[in-house]
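Proteins come first, then strands; the chains are lettered A, B, ... in the order of their sequence lines, and each starts at number 1. Quick caveat: nothing in here was measured; it's all calculated off a predicted structure.
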Amino acid sequence: MIKPSIPSGTRDFGPVVVRKRNYIFQTIRSTFEVYGFQPLETPAMENLSTLTGKYGEEGDKLMFRILSNNDDKLAAAKAAASNKEMSSILSDKALRYDLTIPFARYVVMNQQELTLPFKRYQMQPVWRGDRPQKGRYREFYQCDADVVGSNSLLNEVELLLIYDTVLTRLGLQGYELRVNNRKILSGLAEVIGKQDLLTDITISIDKLDKIGAEGVRKELAARGLTDADITTIEQFLAISGTSEEKLAQLKTLLAASETAQKGIEELSFVINSGYAPFNTAPIIDVTLARGLNYYTGMIVEVKAPATVKMGSIGGGGRYDDLTGMFGMKGTSGVGISFGVDRIYDVLEELKLFPEATQQSTKVLFLNLGEASARAAFSYMMQLRARGIAAELFHESAKMDKQMKYADKRGIPYVVILGESELQENLLSVKNLVSGQQEKVSAAAFAEMTF
RNA sequence: GUGGCUGUAGCUCAGUUGGUUAGAGCAUCAGAUUGUGGUUCUGAGGGUCGGGGGUUCGAGACCCCUCAGUCACCCCA
């Protein structure tokens with residue numbers, strides 16, 4: 001016999017966990033809906049050509065490829081000249097790596113029918129062949145909201161408000177909405193004359209929190225930057241103060257770059273729009289870079305409250321030419337993503353799940369024999385018609401056992417229809433929380449709330 | 001892909017310098033209780049000690065290999 005198991009980095013979700021997860025999903029979904037976003041779902045797998053090259057070298061490595069194991073392909077693969085050729089013969093599909101690229105693909109495929117701007121949300125699992133660790137899974141859910149076909153910075157403002165709304169509704173406090181603009185980072189590379197090293201620079205400075213100023217300096221040197229370059233970057237990283245002070249320092253330091261000035265302007269608008277109040281105001285973090293290199297404007301990352309050591313629970317940004325890679329030029333997109341699995345871990349750690357998420361069956365009818373079950377069934381159907389979750393114990397087991405079942409399931413009410421009740425034409429309703437029991441008529445029962 | 005730590009009952013873990021038949025708590029099931037749950041008491045089931053090899057008179061323990069889990073790095077939600 002094989003010991004049953006599941007692949008590492010994947011999880012089963014039991015009833016209690018699913019209920020809690022649904023609470024998060026519902027909070028996010030309803031917020032997306034009230035902001036005017038429409039639902040979209042795409043297949044778990046995409047053609048490999050849709051996905052490869054979109055997430056950088058690392059992304060290609062972490063992609064779960066689907067093996068096409070029919071005999072013809074296997075034979076052809078054996079004759080392949082290189083590993084690369086062999087793998088492209090063996091696999092032409094992969095599980096989706098995120099929701100943004102499939103969305104871009106969908107937009108391009110349906111561009112004739114779509115009314116722009118198109119605002120969609122999508123909540124589905126994605127897969128990454130990563131080594132699992134705390135807060136990192138190989139199958140996890142993302143909840144994305146994106147807008148394509150609108151250049152207005154009001155989108156950015158609204159998306160930040162969505163973060164603020166959802167996290168507040170989930171009862172989270174102490175989270176940080178960190179905002180930056182890719183044009184500023186791009187301008188920094190421009191100022192030191194190393195635009196080709198933009199990605200290296202951003203990856204390094206993004207680690208400032210983790211490895212410190214000295215670590216960043218070492219890494220930048222290793223990536224081919226001169227001492228003079230590094231000095232400029234360190235001045236950049238030293239930027240601090242209030243948002244206004246940071247913006248002013250950026251303006252001075254990056255005065256030579258028009259791109260940077262544009263980015264500073266955008267950042268200033270997003271931070272200071274004043275269209276609506278935030279519960280937790282977004283903050284400027286010039287070291288925020290984010291990995292995906294298709295971002296071109298605002299970038300945002302949500303940090304979990306510092307006490308839980310979880311890091312990022314969401315992120316997003318603007319990409320001016322997302323659909324360009326599929327041949328549809330000049331359409332801008334901006335979007336955000338919630339990492340549900342990490343939010344779950346954070347809420348769990350901070351004990352922020354409301355009790356009410358666990359309520360399921362409200363009333364259990366005890367089964368005390370054929371006549372009892374028959375009478376109970378019709379009362380049960382009345383409750384169900386009223387929208388009250390109810391069940392009947394299907395076996396005519398000992399009362400003790402049935403009561404224990406109700407207790408363990410957390411069912412708050414038990415209805416007893418034994419011989420005496422049937423004779424009197426009454427129902428005994430017991431509240432398991434208080435221990436109180438009362439006999440009521442059928443008419444009174446039809447009015448009871450649970 | 002790289003490194004550290006951990007694998008004993010369904011779960012959490014004991015198990016002495018290597019020594020007889022591997023234990024506890026929780027959980028499960030049954031009974032005390034033939035119309036009343038939570039608390040209590042009694043009893044039962046449940047293990048090729050992750051797998052394979054080695055050292056030894058003797059291995060859950062020591063050595064090697066392997067698999068799995070976990071944490072960290074890379075990268076990322």
Would you measure the distance from the P atom in B:U33 across to the matching atom in B:A24 and give it in whole Å? 27 Å
Between P on B:C71 and CG on A:Asp130, what's the gap in Å once rounded to a whole number? 13 Å
Which nucleotide wins on minimum distance to the side chain of A:Gln142, given the candidates B:A77, B:U70, B:A72? B:A77
Roughly how far apart are A:Ile271 CD1 and A:Ile284 CD1, rounded to 0.5 Å? 4.5 Å
Measure the distance from CZ on A:Arg131 to C1' on B:C67 and round it to the nearest whole Å. 13 Å
Determine the Euclidean distance between corresponding P atoms of B:G4 and B:C76; express it in Å to zero decimal places. 25 Å
Straight-line distance of A:Asp200 CG to A:Leu225 CG, nearest 0.5 Å: 7.5 Å
With stacking defined as ring centroids separated by under 5.5 Å and planes differing by under 30°, is A:Phe338 stacked against B:A77? no
Restricting to side chain to side chain donor-acceptor pair (under 3.5 Å), what partner residues turn up for A:Thr287, sequence neighbours left out? A:Asp285
Rounded distance (Å) that lies between atom P of B:G1 and atom CZ of A:Arg128: 19 Å
Expressed as a whole number of Å, how far does the C1' atom of B:U36 sit from that of B:G25? 29 Å
Can you tell me, in whole Å, how much space there is between the C1' of B:C74 and that of B:U56? 44 Å
For the side chain of A:Pro132, starting at C-beta, report the closest nucleotide among B:A30, B:U70, B:C75. B:U70
Classify the side-chain pair A:Ser30/A:Arg169 by whether it contains a donor and acceptor separated by less than 3.5 Å. yes
Check: B:C76 base within 3.5 Å donor-acceptor of A:Arg342 side chain: yes
If you measure from the C1' atom in B:U16 to the same atom in B:C62, how many Å do you get, rounded? 15 Å
Between A:Tyr405 and A:Phe393, what is the ring plane arrangement, given parallel below 30°, perpendicular above 60°, and tilted in between? perpendicular
N/O (side chain, A:Ser312) to phosphate O (OP1/OP2, B:A77) under 4.0 Å: no
Test item: A:Asp144 side-chain N/O and A:Ser337 main-chain N/O as donor-acceptor pair under 3.5 Å: no
With sugar-phosphate taken as primed atoms, P, OP1 and OP2 and all else as base, the protein-contact string of nucleotides 33-44 of chain B at under 4.0 Å (heavy atoms; B, S, -) is --BBBB------
Between B:C76, B:A77, B:A72, spot the one nearest the side chain of A:Lys210, thanks. B:C76
Side chain of A:Arg19, backbone of A:Ser360: donor and acceptor closer than 3.5 Å? no
C1' atoms of B:G47 and B:A9, separation to the nearest Å: 6 Å
Are A:Phe338 and A:Tyr163 an aromatic pair by the rule of ring centers under 6.0 Å? yes
Please compare A:Gly9 and A:Glu58 by the position of their nearest nucleotide in RNA chain B and report the one closer to 5'. A:Gly9
Are A:Lys207 and B:C73 close enough that a side-chain N or O sits under 4.0 Å from OP1 or OP2? no
Over 60° means perpendicular and under 30° means parallel, so classify the ring planes of A:Phe365 and A:Tyr379, tilted if in between. parallel
Does a side-chain N or O of A:Gln133 approach OP1 or OP2 of B:U70 to a distance below 4.0 Å, or not? no
May I ask you to check whether A:Phe37 and A:Tyr121 place their ring centers less than 6.0 Å from one another? no
Base B:C75 paired with A:Arg136 side chain (donor-acceptor, <3.5 Å): yes
When the P atoms of B:U39 and B:C26 are considered, how many whole Å apart are they? 11 Å
Between B:G60 and B:G15, how far is it from one C1' atom to the other, in whole Å? 8 Å
Quick check: does any side chain N or O of A:Arg182 sit under 3.5 Å from a backbone N or O of A:Ala289, one acting as donor and the other as acceptor? yes
In this structure, which stretches of RNA chain B are paired as stems of three or more consecutive Watson-Crick or G-U pairs, both distances less than 3.5 Å? B:1-7 with B:67-73, B:10-13 with B:23-26, B:28-32 with B:40-44, B:50-54 with B:62-66
